[in-house]
There are 2 protein chains.
Amino acid sequence: MSKCEQCIIRQFNSLKHLSREELVRMSNCKTSKIIKKGEPIFDEGERLKGVFCIKDGVCKVSKMSENGRNQIISLVTKGDLLGERSLISDEPSNLKAIALEDMEICFIPKEEIMKDLEKNPSFSMSVLKDMAKTLKSADNVIVDMAQKTVKQRLAETLLNLESKFGTNENDAINVHLSREDIANIIGTATESAIRLLSDLKKKKIIAFKGKEISIINLNELEKIAQGF
Amino acid sequence: MSKCEQCIIRQFNSLKHLSREELVRMSNCKTSKIIKKGEPIFDEGERLKGVFCIKDGVCKVSKMSENGRNQIISLVTKGDLLGERSLISDEPSNLKAIALEDMEICFIPKEEIMKDLEKNPSFSMSVLKDMAKTLKSADNVIVDMAQKTVKQRLAETLLNLESKFGTNENDAINVHLSREDIANIIGTATESAIRLLSDLKKKKIIAFKGKEISIINLNELEKIAQGF
DNA sequence: TTAATTATATGATTTTTATCACATTTTTAA
DNA sequence: TTAAAAATGTGATAAAAATCATATAATTAA
């Protein structure tokens, strides 16, 4: 079992503010898990017993609408923490997390995290800052969902994916999403997403083969995202 | 100048976790303001120098989309705190706040709040909980915006307004919003909002005269919000 | 390997929503 | 008080997006 105090991943999130003793204690109570592609980390309505620190892999965090359609709220990846919110608000999770690829995650029990949150101001301040940032970006998503067309949202989503996941050796965006997942991020019907992707391909703004998507004309895609 | 330690409003927000000394100190540096209907409390891009505690009145918090349309993110009212987020993230506000009616607000300087946040764990924990809650509701708004029809969102908005503001002696929802404001909450064109309101009136699900709107058939409105 | 299942793709059509135009009412300010 | 401005309301039309149908490609499991 690897040790938290030696784990490089914590540098990417609020856990970097923990002291050596806090990390040692965390190491002793944390557990590691392998989650296979397609498997859930937790489900809607589940009461989380701790937080997850993503060591490797990507998962989609989504929520079912009353209409019975699934909306992906965020993609959580290596270095991110997952589940702090429902831990802090002490309510069942309103979200579901499913692995998009094989994952390696650490589970840290609730009591441990809560103790650190209350005792270590620089840790709690960091979590606070993180939440303020997430909230700001949630506001932006609300505005986009409410005011932008599906075409704009698709363009924006592709740009966001490239900047979050980077590109591989073929200049393709470094994450594999099904057309349905893409549709569920932008909040549209799968057919609409497919159609708009085909349009962008026809206009040589993007290229794709299967789930490997690459942005060819970044400038044009940015224009589309802004509504031109 | 009224004193924070005697102010009843703080019971409604995280400030209730402050100690008597903290409140006395706050009292000595806070200032009170009257904001007239239609006036801004702060604007998009402005760097806030403190937080606002709403003593009386309602304001709309909104953001301009790249399309040049305004989206109302929330309505902030008596007892609420405003501006903590951009203070915590130490970035210019991404939002604009405009009074919907005459308001009475207190301004608490940044240094004072930040000191309390760092020194008083029960205060910072309360702010943290509050943000977790706001984030959860932001997720719900994202899902609604992405997946529900304008009609559903209008029904939902009316229900939310009634439960947040209550009703007056005529059973009308206790807040006055223009049709444009309503449209900007649900994220649609003003004409569409007006048309759908007229439909609901024709079907005797709501009644209104000017900005006084009342829900007549709650059950039916809830059904519409859910997509029937 | 092959059949079954699932994902992707595209056409035709319907539904939803935005836009434009204009009339009427209400509010505001001179 | 009254003219101007702003808000509300409604019809006609256009644009955007969903839905339904069906074909093909890719993936999965027996």
Side-chain angles (χ1 to χ4, degrees), chain A residues 36-39 60 65 67-72 98 100-102 144-157 176-203 206-213 224-225 227-228, chain B residues 36-39 60 65 67-72 98 100-102 144-157 176-203 206-213 224-225 227-228:
Chain A
K36 291 262 173 215
K37 177 178 174 173
E39 284 179 359
K60 55 179 174 181
S65 83
N67 298 16
R69 299 168 71 171
N70 208 38
Q71 179 65 34
I72 295 179
I98 291 184
L100 285 172
E101 39 189 74
D102 291 354
D144 287 352
M145 288 294 179
Q147 305 283 7
K148 290 192 169 178
T149 64
V150 173
K151 193 196 276 186
Q152 285 181 282
R153 268 140 57 196
L154 172 61
E156 183 136 29
T157 295
H176 281 177
L177 296 168
S178 69
R179 301 294 188 266
E180 191 181 357
D181 283 339
I182 293 175
N184 290 348
I185 292 173
I186 65 187
T188 191
T190 306
E191 297 96 317
S192 298
I194 289 173
R195 238 182 277 273
L196 290 169
L197 281 169
S198 298
D199 278 3
L200 290 176
K201 189 186 200 176
K202 220 171 281 169
K203 290 177 186 147
I206 65 170
F208 58 80
K209 183 152 193 265
K211 294 185 175 63
E212 293 254 303
I213 302 178
I224 291 171
F228 296 106
Chain B
K36 290 264 173 212
K37 177 177 175 176
E39 285 179 0
K60 55 179 174 180
S65 83
N67 297 17
R69 299 169 69 171
N70 208 38
Q71 179 65 33
I72 295 179
I98 291 185
L100 285 172
E101 41 189 73
D102 291 352
D144 287 352
M145 287 294 180
Q147 305 283 7
K148 290 192 169 180
T149 65
V150 173
K151 194 196 279 188
Q152 284 182 281
R153 269 140 56 196
L154 172 61
E156 184 136 30
T157 295
H176 281 177
L177 296 168
S178 69
R179 302 293 187 267
E180 190 181 359
D181 283 338
I182 294 175
N184 291 349
I185 292 173
I186 66 187
T188 191
T190 306
E191 298 96 317
S192 298
I194 289 173
R195 238 182 276 274
L196 291 169
L197 280 169
S198 297
D199 278 3
L200 290 175
K201 189 185 200 177
K202 221 172 278 167
K203 289 177 186 147
I206 65 170
F208 59 79
K209 182 152 193 267
K211 296 187 174 61
E212 292 255 302
I213 303 178
I224 290 172
F228 296 104

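Just so it is clear: chains get the letters A, B, ... in the order the sequence lines come, proteins before strands, and each one is counted from 1.
Other residues, nucleotides and ligands contribute only 12 or fewer heavy atoms inside 6.0 Å of the NZ atom of B:Lys151. Enclosure of atom NZ in A:Lys60 by more than 12 non-hydrogen atoms of other residues, nucleotides or ligands within 6.0 angstrom is indicated.
Checking A:Lys209 against A:Lys151, the closest nucleotide of DNA chain D that is more toward the 5' end is the one next to A:Lys151. Where A:Leu177 and A:Ala146 meet DNA chain C, the nucleotide closest to each residue was compared, and A:Leu177 sits on the side nearer the 5' end.
Residue contacts shown for A:Lys211 are limited to sugar-phosphate atoms, with no base heavy atom under 4.0 Å away.
Looking at heavy atoms from C-beta onward, B:Leu100 lies out of side-chain contact with B:His176 at the 4.5 angstrom threshold. Proximity of B:Thr188 to B:Leu154: side-chain heavy atoms (C-beta onward) are nowhere separated by under 4.5 Å. Inter-residue side-chain proximity for B:Ile186 and B:Leu196 is flagged as unmet; no heavy-atom pair is nearer than 4.5 Å.
Heavy-atom distances under 4.0 Å link DNA chain D to A:Thr188, A:Ala189, A:Glu191, A:Ser192, A:Arg195 of residues 188-197 of chain A, given in residue order.
With rounding to whole Å, B:Gln147 atom CD is found 13 Å from D:dA17 atom C1'. Regarding B:Glu180, its CD atom lies at a distance of 15 Å from the C1' atom of C:dT27, rounded to whole Å. Distance, B:Asn184 CG to D:dT8 P: 12 Å, rounded to whole Å. In this entry the distance linking CG of B:Asn67 with C1' of D:dA16 reads 13 Å, nearest Å. Nucleotide C:dT8 holds its P atom 13 Å from the CD1 atom of A:Ile206, rounded to whole Å. We find that CD1 of A:Ile182 is positioned 18 Å from C1' of D:dA17, with the value rounded to whole Å. One interatomic measurement links the two molecules: CZ of A:Phe208 to P of C:dA7, which rounds to 17 Å at whole-angstrom precision. A:Ile186 has its CD1 atom 9 Å from the P atom of D:dA18, to the nearest Å.
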Verdict with supporting geometry, B:Ile182 and B:Ile213, side chain to side chain contact (heavy atoms under 4.5 Å, CB included): CA-CA 11 Å; B:Ile182 294 175; B:Ile213 303 178; 3.8 Å; yes
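Each of C:dA9, D:dG9, C:dT16 was ranked by its minimum atom distance to the side chain of B:Thr149; first place goes to C:dT16.
Put simply, the side chain of B:Gln71 gets close to the backbone of B:Asn184: a donor and an acceptor are under 3.5 Å apart.
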